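Right, one structure below, let's go through it.
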Amino acid sequence: MQIEILSKGEAEFHFIDPDDFREFVRDKKTRDWKDKLMDEKEAIKKFVKDGDYLAYDFSSLTRGPQSLIREVIRQRKKKLWICAKFTLLESALLAGGGCVEKIDVGFLGFGEYIARKVESGEVKVYDWSNGSITYRLLAGAMGIPFIPARDLLGTDTFKKSGALAIRDPFTNKPVALLPALNPDVALIHVQEADIYGNARVYGPTVATLETAMASKRVIISAERIVETIEFRKEPNMTIIPYYLVDAVVHAPFGAYPGGTQGYYEMDAEHYMKVSSIKTEEEMQKYLEEYVYSVDSHEEFLEKRVGMKKLKELVRKAEILEGFR
Amino acid sequence: MQIEILSKGEAEFHFIDPDDFREFVRDKKTRDWKDKLMDEKEAIKKFVKDGDYLAYDFSSLTRGPQSLIREVIRQRKKKLWICAKFTLLESALLAGGGCVEKIDVGFLGFGEYIARKVESGEVKVYDWSNGSITYRLLAGAMGIPFIPARDLLGTDTFKKSGALAIRDPFTNKPVALLPALNPDVALIHVQEADIYGNARVYGPTVATLETAMASKRVIISAERIVETIEFRKEPNMTIIPYYLVDAVVHAPFGAYPGGTQGYYEMDAEHYMKVSSIKTEEEMQKYLEEYVYSVDSHEEFLEKRVGMKKLKELVRKAEILEGFR
Amino acid sequence: MKEFTDTEFMICQAARLLEDNKTVFVGWGMPQVVALLAEKLYTPNITQIFEFGAVGPQSRLPFLRGTMGGPQNTYRSLQWCSMALAFSYAQAGYIDYGMLGAAQIDRYGNINSTMIGEDYEKPKKRFPGSGGGNEVASYCWKTIIVMSHEKRRFVERCDFITSPGHVIDGKSREELGLPRNTGPWRVITSKAMFDFDEKTKELRLIGVLKGFTVEEVVDDMGFKPKIADEVVELEPPTEEELRVLREEIDPYGLIIRKGRVIKLD
Amino acid sequence: MKEFTDTEFMICQAARLLEDNKTVFVGWGMPQVVALLAEKLYTPNITQIFEFGAVGPQSRLPFLRGTMGGPQNTYRSLQWCSMALAFSYAQAGYIDYGMLGAAQIDRYGNINSTMIGEDYEKPKKRFPGSGGGNEVASYCWKTIIVMSHEKRRFVERCDFITSPGHVIDGKSREELGLPRNTGPWRVITSKAMFDFDEKTKELRLIGVLKGFTVEEVVDDMGFKPKIADEVVELEPPTEEELRVLREEIDPYGLIIRKGRVIKLD
């Protein structure tokens with residue numbers, strides 16, 4: 001008895017055998033209740049290597065792990081393969097920093113700068129879609145080698161992806177098989193975490209849990225570090241249990257220039273500054289000023305953003321309903 | 001190109017083509033904001049038919065939809081195929097009422113009465129496992145025809161199930177394919193719902209969401225009916241959006257003789273009474289007294305349980321942390 | 001004299017198509033403005049679903065680009081959930097409408113939002129890619145495509161098919177495994193509206209914005225579409241629509257001021 | 001003289017095997033009591049995971065059967081989640097230990113918890129079935145099986161293999177597609193403990209409860225197991241273990257009073 005393979009995407013894709021992922025989890029992750037608190041510098045140094053497949057969650061606009069992204073650039077990591085499920089500024093900045101070789105897309109905003117990097121072939125794009133990438137992460141999180149889905153079918157996106165189409169043995173209709181995605185490292189910003197890595201987010205959860213479960217290494221940055229008892233009091237709100245997590249970074253304004261619900265709004269002005277970058281020169285100037293020339297997220301906030309601006313962004317975040 | 005089918009479970013299984021499920025959802029479910037509040041009698045009459053595949057969530061001990069189950073028995077529904085992912089008293093009572101023909105198992109407690117029904121062949125059992133049934137519901141909820149998983153493989157449970165094993169094209173290792181499960185009707189008890197069907201649960205969520213999404217008809221019973229705004233104030237806590245739901249039943253003590261977190265504890269005495277039923281005579285006597293001879297859940301509470309007992313069970317439910 | 005941008009026309013025309021008491025999968029930017037306008041004027045009980053995991057928000061006005069996923073945009077949602085769940089609602093058949101933009105479209109409603117050029121490895125121009133567009137086009141019951149009416153955007157075969165129409169390279173959606181009875185339902189451009197021929201599944205002109213002729217519309221396309229027996233005249237934005245759009249929804253003109261200005265007597 | 005039930009012995013022996021700062025998938029009844037005892041005496045930082053969706057509870061004592069999933073059992077969990085997620089933690093490799101009971105076991109650690117008899121359609125005796133047992137046995141890194149030591153329970157081939165051991169009908173776990181390097185790790189019975197031979201994967205006697213001999217143990221089995229070069233003497237329950245079990249965890253004796261009474265000098 002056989003199942004027919006109807007077509008096969010032609011692209012290279014990141015894939016780890018679930019057995020290998022499991023053994024990594026067993027041997028390299030810890031279920032120990034140990035204090036994982038460290039700063040951006042230490043976390044990125046310890047857990048991001050050149051050549052890694054890097055995933056991050058949510059967007060430049062909202063609850064993105066921007067202080068961690070800046071640290072990746074500051075440490076001049078190289079040859080990363082990034083997961084741009086849903087991304088705007090980060091990919092451009094990472095490309096500007098020379099950190100990126102390949103991007104799985106998703107939605108690859110913004111704008112002219114990153115488009116030219118792709119058009120010139122400096123950065124190689126692999127086309128997927130937000131749904132298929134998210135489902136791939138879900139499969140990775142579940143420890144299964146693939147997940148079937150009914151998107152991508154028939155399109156050029158399919159052809160340029162790493163998906164398969166088979167004749168489903170239960171319906172006799174074509175269905176796509178999306179290979180599991182297990183990133184080497186995930187960067188995730190949350191509102192609240194404890195020092196062990198228990199974490200919760202308020203607002204849409206995007207792929208926070210799936211990305212954390214599916215990734216070999218997980219760095220959480222959090223607006224606030226709270227006591228473990230806070231999670232135990234409202235267990236339905238916990239999205240990440242500690243044993244998925246390798247490092248916890250206390251990063252107030254960690255999503256800046258984006259916003260974090262319940263804490264501060266996006267800095268629209270700074271956002272425009274980044275999104276209007278077109279030339280290499282502008283990009284390098286920006287990176288020099290805002291990334292390389294400061295030593296830490298705190299210094300960045302202090303010397304490049306300033307208390308007045310931060311206060312203004314906090315002031316604007318008046319909507320707290322649902323976020324606490 | 002082909003994928004090898006390695007083995008095939010031999011059992012009949014409930015399966016709906018995702019396209020047929022989708023069309024049912026489009027045509028028979030409503031996205032209308034209409035008042036779906038009705039009593040057990042009307043809900044079961046409208047939405048449970050003889051021969052249906054019936055699923056319910058959580059257990060006889062905790063947050064089970066017992067007032068709805070009793071109404072199914074009271075209306076003497078026949079030839080049901082039930083999903084005993086995780087069940088104790090319900091299956092025995094439904095078998096006692098002559099409602100059940102087939103059971104997908106899961107965990108088939110309790111005890112001597114139901115075991116004899118199975119041993120005698122009156123009730124036909126299909127062996128799965130809690131995990132595989134839950135994953136089947138997840139596939140049904142996602143609108144995909146199957147989900148791959150690494151359980152059941154090699155066992156007699158596999159042989160007696162409806163699963164397939166194939167050689168996974170990504171790892172070249174065997175993997176099980178579990179067919180999606182889309183019940184005809186789901187009975188779900190929650191702590192809070194509004195009249196449209198938005199609902200939330202406190203405590204472990206078991207397969208509440210998956211079961212609701214995967215089922216053609218969904219009857220929610222709720223300890224409390226609350227205003228819609230309550231969901232909008234804490235959207236992270238909403239587990240079921242209104243458009244999954246067909247009927248909302250206001251059922252205080254709806255999980256009795258089990259408990260509902262934050263409301264009341266299990267009635268251990270009544271529970272023992274049911275679980276010690278061994279003979280057909282005892283069963284019919286129980287059903288007569290507690291199901292057939294009362295007309296409604298309210299009458300059952302009033303005449304067969306009594307305010308004193310209810311007060312005692314509420315008194316015992318002192319732990320509220322996490323449940324509000 | 002009435003003055004409005006073609007973007008405003010597209011937004012209004014799309015908003016008029018939505019049905020009340022339905023679900024709609026809403027993408028970034030223009031679709032969001034369409035949904036807000038519809039909610040304000042025509043479909044107060046429509047439930048918007050956003051891919052990042054917001055179900056049924058009562059978004060705060062005005063629309064601000066940067067609030068996508070933030071507190072204003074997701075205000076008082078019924079549910080905040082995961083992206084996997086949002087897409088699964090659609091895949092399982094719970095989402096009635098979807099709305100998409102397109103850089104190119106072909107005769108069968110296939111959409112390109114990935115790249116222009118003949119060599120995928122060396123694109124002449126690179127766009128953001130599918131985003132959730134492929135899923136919207138694959139899963140939702142009725143997809144509405146909203147796009148500028150330019151000759152180069154209507155092509156016999158998209159340079160790259162990002163999201164599926166009714167027929168791809170000779171194969172029907174159903175043959176390809178896409179959900180039955182789904183697909184592009186209406187295409188709204190800056191001066192016309194199309195549906196798809198029931199039999200051949202080809203793009204069919206059914207409406208033209210007041211002030212334009214069928215010939216003008218068809219001349220401005222890279223292929224000749226089917227033309228309905230009766231082509232209706234599409235109403236320009238009403239005073240009320242424009243007021244709500246300009247004063248309440250998008251006072252900064254982030255979306256509505258884009259595009260060409262149209263003047264009608 | 002020390003008096004205890006064989007259930008008490010099994011619970012204590014299993015609790016001593018767990019490691020601190022690990023995760024354990026905990027089933028209904030006895031495994032729950034094992035985990036509670038371990039947490040109290042040996043592994044204060046172990047994280048219990050329950051299939052219905054509770055991660056890391058600090059369960060209230062005493063143990064009550066009916067609280068499975070209720071407020072006492074799931075008190076102050078780190079996370080309340082879905083069953084699909086609980087199993088997925090295990091399938092993805094995050095769960096170190098699993099604990100299972102068994103009606104029958106065979107030479108390779110295959111478990112029957114489904115039915116006794118030769119005809120599946122007409123079982124002589126029907127049990128509850130897998131529950132989550134198949135997943136625990138399939139996914140967790142190390143599975144501990146806890147069962148009464150009776151001749152009829154040790155069989156050459158289970159009447160029905162509910163959950164997988166190391167070799168099924170001649171095929172290894174890995175050949176069958178089960179996760180690599182998993183499988184039954186220890187079998188604890190009412191008078192002995194077994195592991196599995198590294199090479200042949202056969203059940204191997206490694207310990208005998210004080211007061212019993214190797215011969216007594218082996219005579220009471222339906223097949224002859226491998227016997228380790230050195231078979232250790234297993235300590236009966238300590239005073240402290242019994243006190244915690246009887247006074248704090250299970251004062252009503254719902255679990256611990258079951259089974260045969262053993263008296264030792």
Side-chain angles (χ1 to χ4, degrees), chain A residues 6 58-59 61-63 85-86 105-110 114-116 118-119 121 125 127-132 134-135 137-138 149-157 160 165 168 173-176 202-210 258-259 261-262 265-266 268 271 317-319 321-323, chain C residues 28 50-54 60 64-72 74-77 80-87 90-91 110 112 114-115 120-135 137-139 158-164 168-169 171 173-179:
Chain A
L6 301 169
F58 221 160
S59 80
L61 302 173
T62 307
R63 200 173 52 73
K85 179 185 71 229
F86 191 83
V105 173
F107 184 92
L108 183 65
F110 251 39
I114 184 74
R116 225 185 25 256
V118 174
E119 286 153 21
V125 157
D127 274 289
W128 296 83
S129 59
N130 288 356
S132 56
T134 306
Y135 281 150
L137 288 166
L138 177 62
R150 304 183 75 187
D151 49 359
L152 300 192
L153 290 161
T155 61
D156 293 328
T157 315
K160 297 301 178 184
D168 162 38
K173 295 174 181 178
V175 71
Y202 298 83
T205 62
V206 200
T208 302
L209 171 63
E210 293 87 341
Q261 306 100 316
E265 278 294 310
M266 185 182 89
Y271 186 83
E318 289 179 330
I319 300 177
E321 194 180 77
F323 301 127
Chain C
W28 186 278
F50 290 87
E51 62 173 10
F52 48 76
R60 290 280 192 96
L64 293 169
R65 253 189 183 286
T67 63
M68 192 78 177
Q72 295 85 345
T74 65
Y75 188 64
R76 294 206 161 166
S77 292
W80 287 333
C81 65
S82 70
M83 188 178 262
L85 180 55
F87 282 126
Q91 191 170 209
N110 294 300
N112 180 4
T114 301
M115 49 78 69
Y120 174 73
E121 302 296 328
K122 295 272 173 215
K124 268 195 214 148
K125 187 159 178 45
R126 173 75 211 187
F127 303 120
S130 161
N134 179 281
E135 282 76 24
S138 298
Y139 299 155
C158 292
D159 289 359
F160 189 98
I161 295 179
T162 312
S163 304
I168 308 184
D169 299 334
K171 286 198 175 156
R173 282 176 82 85
E174 230 179 301
E175 281 175 278
L176 292 165
L178 288 155

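Each chain gets a letter, A, B and so on, in the order its sequence line appears, and its residues count up from 1. Everything numeric in this text was worked out from a predicted model, so none of it was measured.
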Non-hydrogen atoms of chain C under 4.5 Å away: do they reach the side chain of [X], the backbone, both or neither?
X: Ala268(A); answer: neither
X: Thr62(A); answer: side chain
X: Glu318(A); answer: neither
X: Thr208(A); answer: neither
X: Ala149(A); answer: both

Asp127(A)/Arg126(C) ion pair, N-O < 4.0 Å:
yes
Top contributor to chain A contacts, counting heavy-atom pairs under 4.5 Å, from [options]:
options: Gly133(C), Gly177(C), Ser163(C), Pro128(C); answer: Pro128(C)
options: Asp169(C), Leu176(C), Ile161(C); answer: Ile161(C)
options: Ser138(C), Ala54(C), Ala137(C), Ser82(C); answer: Ser82(C)
options: Gly131(C), Gly70(C), Gly129(C), Gly53(C); answer: Gly131(C)
options: Ala90(C), Ser77(C), Ser130(C); answer: Ser130(C)
options: Arg173(C), Lys171(C), Met83(C); answer: Met83(C)

Tell me, side chain or backbone of [X] under 4.5 Å from chain A's heavy atoms, or both, or neither?
X: Lys125(C); answer: both
X: Tyr139(C); answer: side chain
X: Glu175(C); answer: backbone
X: Thr162(C); answer: both
X: Phe50(C); answer: neither

Angle class for the Trp80(C)/Phe323(A) ring planes (parallel below 30°, perpendicular above 60°, tilted otherwise)?
parallel
Could you have a look at [options] and say which one has the most heavy-atom pairs with chain C under 4.5 angstrom?
options: Arg150(A), Lys160(A), Glu265(A), Gln261(A); value: Arg150(A)
options: Lys173(A), Glu321(A), Met266(A); value: Glu321(A)
options: Ala115(A), Gly203(A), Gly121(A); value: Gly203(A)

Evaluate the side-chain proximity of Leu178(C) to Pro174(A): yes if any heavy-atom separation is below 4.5 Å, no if none is.
no
Going by side chain to side chain donor-acceptor pair (under 3.5 Å), name the residues that satisfy it together with Glu174(C), two or more places apart in sequence or in a different chain.
none
Partners of Arg116(A) by side chain to side chain donor-acceptor pair (under 3.5 Å), sequence neighbours excluded?
none
Which heavy-atom pair separates [X] from [Y] by the least distance, and what is that distance?
X: Phe52(C); Y: Thr74(C); result: CE1-CG2, 3.7 Å
X: Met115(C); Y: Asp159(C); result: O-CB, 3.8 Å
X: Thr134(A); Y: Lys85(A); result: OG1-CD, 3.3 Å

Flag for Gln91(C)-Tyr135(A): side-chain donor and acceptor within less than 3.5 Å
yes
Exactly one candidate in Asp151(A), Thr155(A), Val105(A) meets side chain to side chain contact (heavy atoms under 4.5 Å, CB included) with Ser129(A); the answer is Asp151(A)
Measure from NZ or CZ of Arg60(C) to the centre of the six-membered ring of Tyr75(C) and say whether it is under 6.0 Å with the direction within 45° of the ring axis.
yes
Hey, what do you get for OH (Tyr271(A)) to CG (Leu61(A)), rounding to the nearest 0.5 Å?
4.0 Å
